[in-house]
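Written out below as structure tokens is the structure these notes cover.
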Amino acid sequence: MSCSLRHETPLFPSRPAKFPKPRPEPPISLNSTTEPSFSSINPPHNPCQCQTSLFQCERWLVAISSSSSNSSCMASLPLPPNANLQTQLSFSKPTQTLSPNFHENHKSFQLSYKSHCHQISSLCKQGQIQEAVDLFTKMELENLQVQPEIYGELLQGCVYARDLSTGQQIHARIIKNGEFLAGNEYIETKLVIFYSKCDAYSVASRMFRMVSSKNVFSWAAIIGMNCRMGFCEEALLGLLEMLDSGYVPDNFVVPNALKACGALQWIGVGKGIHGYAIKMGYGTCVFVSSSLVDMYGKCGAMEDARMVFDGIPEKNVVTWNSLMVGYVLNGENEEAIKLFYNLRMDSVKPTQVTISSYLSASANIGAPDEGKQGHSIAVVEGLVLTAILGSSIINFYSKVGLIEDAELVFSQMAEKDAVTWNLIISGYVQVGKIDKALGMCRRMRSEKLRFDSVTLASLMSASADTSNLKLGKEGHCYCIRNNLDSDVVVASSIVDMYAKCKRIDCARGVFDSVTKADLVLWNTMLAAYAELGQSGETLKLFYKMQLESVPPSVISWNSIILGFLKNGQIDEAKDMFLQMQSLGIQPNLVTWTTLISGLAENGFGFEAIFAFQKMQEAGIRPNSLTIVSVLSSCIDMAMLQYGKAIHGYVTRHVLCGSVPLATSLVDMYAKCGNIDKAKRLFDMIEEKAVPIYNAMISGYALHGQAVEALALYKRLEEEGKKPDSITFTNALYACSHSGLVNEGLELFADMVSKHHLKPSMVHYGCMVNLLSRCGNLDEAFRLINSMPFEPDAHIFGSLLAACREHNNTDLTKYLSEKLLELEPDNSGNYVALSNAYAAVGQWDEVENVRHLMKTKGLMKVPGCSWIQIGEESHVFLAGDQSHPKIEEINLTLALLGSQILCT
DNA sequence: ATAGGGTTAG
């Protein structure tokens, strides 16, 4: 899989457009070419003393009021791009001359006036604001005296349509009318409501402060606007000020105030308002009680939310939705799902909100059947597939691993936004379909949607998963150019990307550049050091985070333990394991599994098994990873009986089905000496993955059953599966163990020409071993010369092992010098060395090598629990086929010509 | 009055 972008549309544009910060309101300047903003709108105290004139500002017509002292912009009228100023002016300023037959027509004018007003009103209610304004203009042109209510209706129409610019035109005409409408409470209130609803924050609040007549409606509008725009404290302050000035917050204000409490999680204030609402008799208002349910849910008080909910006699769908949202928010997904069931039983018609929340709950607990029902109900109910509903469905399918279904919904959606795209992208990333994710990114860009921090977090995660440093760097640069790198989530993903691409220095650089690190970011950096076994750096960071008042989570502790284990510091790891518990952090599944596998990998098989028992006593259910680690310890200790017990546990707890686990079990039986049982288990597995074949082949190889091993390799090929590098290591080892030179050579050739695999040092090592064991040292040396790399210690080890046969003192001397120069890095090589000395009878040297091994702490073959150096070597091979050093282990065994000790 | 997206540990 290639993520190269060379021949594709570049994912990240090299010269991105400036990334504008979202602005609630456009800037203003009379001589600027941009749209005027409202920040400089400064309504005069007494509009009737003002004269209003109109100026054109590029495409904008601006109403300017000139009072005696200064002139300021009052409102703006957008003009169509090619509008002629003159016509526009005459259009807005009808002549004052009366038509000659005015009086004759007066009666019919009155009739048409009424019908016009009625028509305007109904047009406004239908949301046809433009048509209403046209009719209104017609009335003005006909010199009909327009009553204040009409302006109110029109403004209300603009509120429905959220049409800011048309409302501004109405405002301008109100100002033009000067004396007639000045100080009209109804109009002023409507204007405040209009600007508030359109989220024109500064105009609305300024105007509200200016108007002489405040009332419950304008207060409600201002509080609501503050709430919507996230100024929750201001909203609540408004409520207090309102009460203070003697206005009585009604059942329209209370929901907004409750919303602010919910957003701030101020449950105390929320409860106060709850009390007020009950006293005022709003308890029966479904708007108020639904808001209470929502507020308690947002504050995490689900019992209270439920109590309010249960006390509502006439619930509507919003009430149900609010409670369900609360459950989802507080992680009580099962409750949310139960509630949906009750809602259905109550014959409540679900809305998009219902389905979205229900799907969130289903996605969170990975309940495919439940979620599918939600999708079906949405279809049956004929709900429109909006961006939000569609996104919820996509999120659900991708979280339960049904990416194809997510794709289908995605293709059906007419209305997609950045969230929709981000969901499908992260869905692909999560299932490892990185190319598809990148393709979606390109499509997203071609639809003129910009990548945001969420897109980049997914992209960085994709780069991390594939160790694609090039893509990662490009993404990082994009983040810098577009100010996305200040987002901690993005920063975490960048740090993780650099760490997984083996650039710990870059990771640390990015980490250090973040000013407000959160827990996840600290944990990301800790994990990066831990993975490398840099326990010192991990620990330093661990202390540093606490100095900066970020309390470590169980994840942080897990990294500390991992760091020590990766560095072989078993005692320190165990100490940390105890420390975390004394500080009240309970080890979780990951902690136990880290500990168990760390102990196993460091050769502490008994301790690993002991820890596994402790884990069960602590009531933590192991998963397949834990079992694999324990099995590797069983193999290590050749504890067939315990391995069988684990097998029983796996069967009882239905943990089967995992490929690594099945592989491990086959491996365990094979390596613990029960090859027949291994074969029986192997045959029982229906869908056999390549690693399971590898385990079985390795088992046969270890038992010297090379013919069976090669037959299995053939079978693997016949079944159309692709042998991998480990398959060849094991099969070559079988040949080498049984001295099957021709078969080995054939395998080696197959590997290169038929399966296009590049032999690694290990494969060359196997071949050298095979050739030299069969006495064909010339061929072995020829192969070494043809290798694309310098021979390593293993190769010399192999050759040394061959010296046992030849008792060639000179060659032993030469090879052992070479090997010692290379500083043999595992005990296998030392063993080979010592065996070679033993073969030529240099027992002093044998003792020297043993001593060397002891001082280097290498008395163990990696993954092998015990060896006996000398004429006979007994080895218990540890590790399953996914052991990180499996190739080395297999080779070491080949070197040793070891015997399996059967139990 | 209610709804959708991203990052960390074995």
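Labels below follow one simple rule: chain letters A, B, ... track the order of the sequence lines, proteins then strands, and each chain is numbered from 1.
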*Sugar-phosphate, base or nothing in reach of A/V328, heavy atoms under 4.0 Å*: nothing
Contact check, residues 385-394 of chain A vs DNA chain B, heavy-atom distance under 4.0 Å, returns A/A387, A/I388, A/S391, A/S392
A/F309 CZ to B/dA1 C1', in whole Å, measures 14 Å
Would you say the ring centers of A/F542 and A/W557 fall short of 6.0 Å from each other?
yes
- Distance only, no hydrogens: is a donor on one side chain within 3.5 Å (strictly under) of an acceptor on the other, for A/T524 and A/D496? no
* Counting any heavy atom closer than 4.0 Å, what does A/S322 reach on the DNA or RNA strands: base, sugar-phosphate only, or nothing? -> sugar-phosphate
With the side chain defined as heavy atoms from C-beta on, A/V419 is closest, among B/dG6, B/dT7, B/dG4, to B/dG4
| task | Step through it carefully: locate the ring centre of A/W592, locate the ring centre of A/F612, and say whether they are under 6.0 Å apart. | result | no
A/K500 has its side chain closest, among B/dG10, B/dT7, B/dA9, to B/dA9
Is it the case that the side chains of A/T354 and A/T351 hold a donor-acceptor pair, with the cut-off being a distance below 3.5 Å and no angle test?
yes
Residues at least two apart in sequence or cross-chain that pass side chain to side chain contact (heavy atoms under 4.5 Å, CB included) with A/M307, listed by chain then number, are A/D304
Whether A/K566 contacts B/dG10 is assessed here as follows: a side-chain N or O lying under 4.0 Å from the phosphate OP1 or OP2. Is that the case?
no
Which of B/dG10, B/dA3, B/dG4 is nearest the side chain of A/L625? It is B/dG10
With heavy atoms under 4.0 Å as the rule, sort A/S291 into base, sugar-phosphate or nothing.
sugar-phosphate
Checklist entry - Base, sugar-phosphate alone, or nothing: which one does A/V318 contact when heavy atoms must sit under 4.0 Å apart? => result base
A/L449 atom CG is separated from B/dG4 atom P, nearest whole Å, by 20 Å
note: A/L456, atom CG; B/dG6, atom C1'; distance rounded to Å ~ 10 Å
Looking at every strand, decide which applies to A/L562 at a 4.0 Å heavy-atom threshold: base, sugar-phosphate, or nothing.
sugar-phosphate
A/I365 meets the side chain to side chain contact (heavy atoms under 4.5 Å, CB included) criterion, sequence neighbours left out, with A/N333, A/E334, A/I337, A/A367
_Regarding A/S553, tell me which of base, sugar-phosphate or nothing describes its non-hydrogen contacts under 4.0 Å with the strands shown._
nothing
A/L599 CG to B/dG10 P, in whole Å, measures 16 Å
With the side chain defined as heavy atoms from C-beta on, A/N623 is closest, among B/dG10, B/dT2, B/dT8, to B/dG10
Side-chain contact check for A/V520: nearest option of B/dA3, B/dT8, B/dG6 is B/dT8
Notebook entry, point to check: How is A/K416 classified with respect to the nucleic acid when contacts are heavy atoms under 4.0 Å: base, sugar-phosphate, or nothing?
Noted result: nothing
Check your understanding: Quick one: is A/K399 getting a side-chain N or O under 4.0 Å of the B/dG6 phosphate, OP1 or OP2?
Key -> yes
Discussion item. So A/L589, base contact, sugar-phosphate only, or nothing? Heavy-atom distance under 4.0 Å.
Written reply: base
Hey, does the side chain of A/N256 come within less than 4.0 Å of B/dA1's phosphate (OP1/OP2), counting only N and O? yes
When rounded to whole Å, the CG to P distance for the pair A/L521 and B/dG6 reads 18 Å
Rounded to whole Å, the CG-C1' distance (A/D452 to B/dT7) equals 14 Å
Applying side chain to side chain contact (heavy atoms under 4.5 Å, CB included) to A/F610 and not counting sequence neighbours gives A/Q613, A/K614
Of the candidates B/dG10, B/dT7, B/dT8, the side chain of A/T593 sits closest to B/dG10
Here the distance between atom P of B/dG10 and atom CE of A/M615, to the nearest Å, is 15 Å
Against the side chain of A/K259, the closest entry in B/dA1, B/dA3, B/dA9 is B/dA1
Residues passing the ring-ring contact (aromatic ring centres under 6.0 Å, His included) test with A/Y296, sequence neighbours excluded, are A/H274
Sorted by chain and residue number, the side chain to side chain contact (heavy atoms under 4.5 Å, CB included) partners of A/L519 (sequence neighbours excluded) come out as A/N523, A/M545, A/V550, A/S553, A/S556
Looking only at B/dA3, B/dA1, B/dA9, the nucleotide nearest the A/K298 side chain is B/dA3
Exercise. Taking atom types as they are modelled, is there a donor-acceptor pair under 3.5 Å from the base of B/dA9 to the side chain of A/N588?
Worked result: yes
A/I355 atom CD1 is separated from B/dA3 atom P, nearest whole Å, by 15 Å
Which of B/dG4, B/dT7, B/dA3 is nearest the side chain of A/N395? It is B/dG4
From the candidates B/dT7, B/dA3, B/dG6, the one with an atom nearest any side-chain atom of A/S492 is B/dT7
